[in-house]
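Comments concern the structure below.
Chain A is the first sequence line, chain B the second, and so forth, proteins listed ahead of strands; every chain is numbered from 1. Values in this document were obtained by computation on a predicted structure and should not be read as measured data.
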Protein chains: 2
Amino acid sequence: MQLSLTEENYLKAIFFISGTESNLVNTNAVAERLDTKAATVTDMLRKLKSKDLIHYEPYKGSRLTLTGKQQAVGILRKHRLWETFLVEKLGFGWEEVHDIAEQLEHVRSRKLTERLAQYLGNPQFDPHGDPIPDAEGVFPQRANLTLDKAELGERLYVKGVKDSSPDFLNYVAKLGIQLGDSLKVLQVEPFDSSILIKHDEREFRLSAQAACNIYVSQT
Amino acid sequence: MQLSLTEENYLKAIFFISGTESNLVNTNAVAERLDTKAATVTDMLRKLKSKDLIHYEPYKGSRLTLTGKQQAVGILRKHRLWETFLVEKLGFGWEEVHDIAEQLEHVRSRKLTERLAQYLGNPQFDPHGDPIPDAEGVFPQRANLTLDKAELGERLYVKGVKDSSPDFLNYVAKLGIQLGDSLKVLQVEPFDSSILIKHDEREFRLSAQAACNIYVSQT
DNA sequence: AATAAATTTTAGGCAAATCTAAAAATGATT
DNA sequence: AATCATTTTTAGATTTGCCTAAAATTTATT
Ligand SMILES: [Mn+2]
Ligand SMILES: [Mn+2]
Ligand SMILES: [Mn+2]
Ligand SMILES: [Mn+2]
C-alpha cells in the first residue's frame, strides 16, 4: 500500500511519541509534534485506522499496528541514512541535515535505500549517534548512559546526543566535542550539578542540562 | 515563492514541450505529457499565470515567463544531477534512474544541489548524455548530430541518446554501446536505411529508428 | 461561407488535508 | 456526587489537484 507523505509523517510522529514499547499516544501529543490542530489529527487517526496502520478508539488514544510500525521504522531508516550521507559524503554540518533528510526520507525506492546504505558502509548510527535500523527494521543497541550520570574519573567515549536541535548541536560543536571523542568527568559541582570535563588537554565546565543530553559509553 | 510539486512538474512539462525558444504550448500537449486531462491543465494554467510563471491567454496557448523558465531549469538541473549520482556513485543502470530522479528533483535545498554538483565534479552531462544546466541556468552545448546522418567511415564518439525510454536504453546497453564509445558507420542499406556499425572489433546492424536516437560527434 | 472536427474552457463535483468553533467525553477538584 | 477544566471529537469550511460532461472557440473541410 502506497502511503502519502502526510500519512508517513503521522506514523513517524506516533512512533517517536510512543517509544519502542508502543504505548498509547494522545491526540494532542501528535498535534503538537506535527505542529497541527487536534481536530486535524483525529481525522487522520480515523484514516490510519481504516488502513490498519494504527489501533485507535475514540477518546482512548492510538498505537501503531505491526504494519504501521514497520512503515515508520522504514522511513526512519531512510532519514538517518540520508543524514549520514549528507554529513559523510557532502560535508554538511550535523546541525544542517535534519530538514533536508525530512524531505529525502519520503523518496520511494527500496533499491535506492539499500544501495545508499551499502555505499555508506551500512552505518549503524547517524551523525547524531542515533541508531539506524537495518533493512529488517532491527535497531542496533546504543549507549544509554548520559554524561550527567557517569562515574568520576572514568574514561568515556562520546556516542551521541539526546537533543538534536540546531542550538544544542552548534553548542556541542563549538565546544570541540565530536562523536567518538574521549573524555573524563573530573568533578560535579554540588551547587548546580554542573560538571568539569577533561577533553584532550583542555578542561571546561558543562551545565547539567547540557550533560544530560550527551550519550557516552566506556568503550 | 514556494512552488508545489505539481506546479514544478507543470513548469518542467511546458519547458520540455516548448523547447529552448519558448514556443507557445498547446494545452493538450501538456495534458498528454503529464498523463492528465485538458480540463485539469486549464485550471493549472490559470494558476501559473496568476503567479507570473507563464504567459497564457485562453485558447491561445501558454509560454514560460523568465521566472517560470528559471524554475523549470533549476528542477531539470537537480533531476540530471541526481541521475548522475545514482549511476556514478550508487551503480544504478541508466535505464533505472529516471523515476527515482523524478522524486529527488523536488527536494528543496540550494545548498544540497550545489554540494551534490561539486561532489560529482560538476558534470556537464547526465548518464543519457543530456546537458546539465549550471547553477545560473546555462546549458552546455551538446552534440546534435545523430547516427543516421553521420558520414560513412568517419570516427565517431557516442555522446547521448535522444530517446530515454527504458526499452531503448536497455537495447543500447545490450548492444554493448556506452557513452564515450568510438564507432564508425560502414554502410547504409538503401532498402530500409538501416546502418552497419563497426564498434571495437565487432560489426552489427542498427535500424534507422535506433540510429536517429543516438547522438554522436567527431570529438 | 457554412458545416464538421478538433481543441480548449467552463461548470459542477470529489478526495485529501487542513482550519475554527462548538459539542461531547473524560479527568480532576471541591 | 456535582462542578469545573482539559482533552478529544464533530460539524462545517477552505484549498489544491483532479475528474466528467457540456459549452465555447478555433481550425479544417466541404
Ligand atoms: Mn533528523
Ligand atoms: Mn518527513
Ligand atoms: Mn530523466
Ligand atoms: Mn517530478
Between [X] and [Y], does any side-chain N to carboxylate O distance fall below 4.0 Å?
{"X": "A/Arg108", "Y": "A/Glu8", "result": "yes"}
{"X": "B/Asp52", "Y": "B/Lys49", "result": "no"}
{"X": "B/Lys37", "Y": "B/Glu32", "result": "no"}
{"X": "B/Glu95", "Y": "B/Lys174", "result": "no"}

Per the under-4.0 Å heavy-atom filter, residues of residues 29-41 of chain A near DNA chain C come out as A/Thr36, A/Lys37, A/Ala39, A/Thr40

Contact check, residues 3-10 of chain B vs DNA chain C, heavy-atom distance under 4.0 Å, returns none

Comparing nearest nucleotides in DNA chain C, the 5'-proximal residue of the pair A/Tyr59, B/Thr42 is B/Thr42

So ring-ring contact (aromatic ring centres under 6.0 Å, His included) across residues 86-119 of chain A, not counting sequence neighbours, yields A/His79-A/His98

Using a cut-off of strictly less than 4.0 Å, decide whether [X] has a side-chain nitrogen or oxygen near OP1 or OP2 of [N].
{"X": "A/Asn28", "N": "D/dT8", "value": "yes"}
{"X": "A/Arg46", "N": "D/dT10", "value": "yes"}
{"X": "B/Asn26", "N": "C/dT8", "value": "yes"}

message: Please confirm whether the ring centroid of B/Phe85 lies under 6.0 Å from the ring centroid of A/Phe85.
response: yes

Nucleotide [N], atom [atom2] - distance to [atom1] of [X] in whole Å:
{"X": "A/Lys49", "N": "D/dT9", "atom1": "NZ", "atom2": "P", "answer": "12 Å"}
{"X": "B/Glu57", "N": "C/dT9", "atom1": "CD", "atom2": "P", "answer": "10 Å"}
{"X": "A/Asp43", "N": "D/dG12", "atom1": "CG", "atom2": "P", "answer": "14 Å"}
{"X": "B/Lys60", "N": "C/dT7", "atom1": "NZ", "atom2": "P", "answer": "17 Å"}
{"X": "B/Gln2", "N": "D/dT16", "atom1": "CD", "atom2": "C1'", "answer": "15 Å"}

Counting only N and O atoms by type, is there a donor-acceptor contact under 3.5 Å from the side chain of B/Asn26 to the main-chain atoms of B/Ala29? no

Review point. Taking the side chain from B/Ser22 and the backbone from B/Ser18, do they hold a donor-acceptor pair closer than 3.5 Å?
Key: no

Only one of B/Arg80, B/Lys78, B/Lys12 passes salt bridge (Lys or Arg N to Asp or Glu O under 4.0 Å) with B/Glu105, and that residue is B/Lys12

